[in-house]
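Structure first, commentary second.
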Amino acid sequence: MLEHQKFVLQAVADQENLFRKELIKSMNWLDEYDQEKLLNWLKERFNNRKDIIDEIVNTSLVPLS
């Protein structure tokens, strides 16, 4: 599932609203371990979307422990 979500996020990275929507889905679908792996991967590759990544991680939309 993690690799699939990476593929999806990479495909929609140029569309802010879709990127946000897919990131929320990804974080809700993945377990805690894969969430961390995904976040590290995102931060390495999508510095231009750092604001969205931080927004999703810091909201109550995603239950990170």
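Computed from a predicted structure; not experimentally measured.
Within the structure, the ring-ring contact (aromatic ring centres under 6.0 Å, His included) test picks out the following pairs touching residues 5-30 (sequence neighbours left out): Phe19-Phe46. Pairs of residues two or more places apart, or lying in two chains, that qualify as side-chain hydrogen bond (donor to acceptor under 3.5 Å, both in side chains) and include a residue from residues 37-51 are Lys50-Asp54. Applying the side-chain hydrogen bond (donor to acceptor under 3.5 Å, both in side chains) definition to pairs two or more places apart or across chains, those involving residues 6-27 are Glu3-Lys6, Gln5-Ser26, Arg20-Glu55, Glu22-Lys25.
With contacts defined as side-chain heavy-atom distances shorter than 4.5 Å, the pair Leu39/Met27 qualifies.
Atom CG of Leu23 sits about 9.5 Å away from atom CG of Asn28, to the nearest 0.5 Å. Interatomic distance, CG of Leu9 versus CG of Leu42, reported as 5.5 Å (0.5 Å rounding).
Of all heavy-atom pairs spanning Leu30 and Leu38, the tightest one is CD1-CD2, 3.7 Å.
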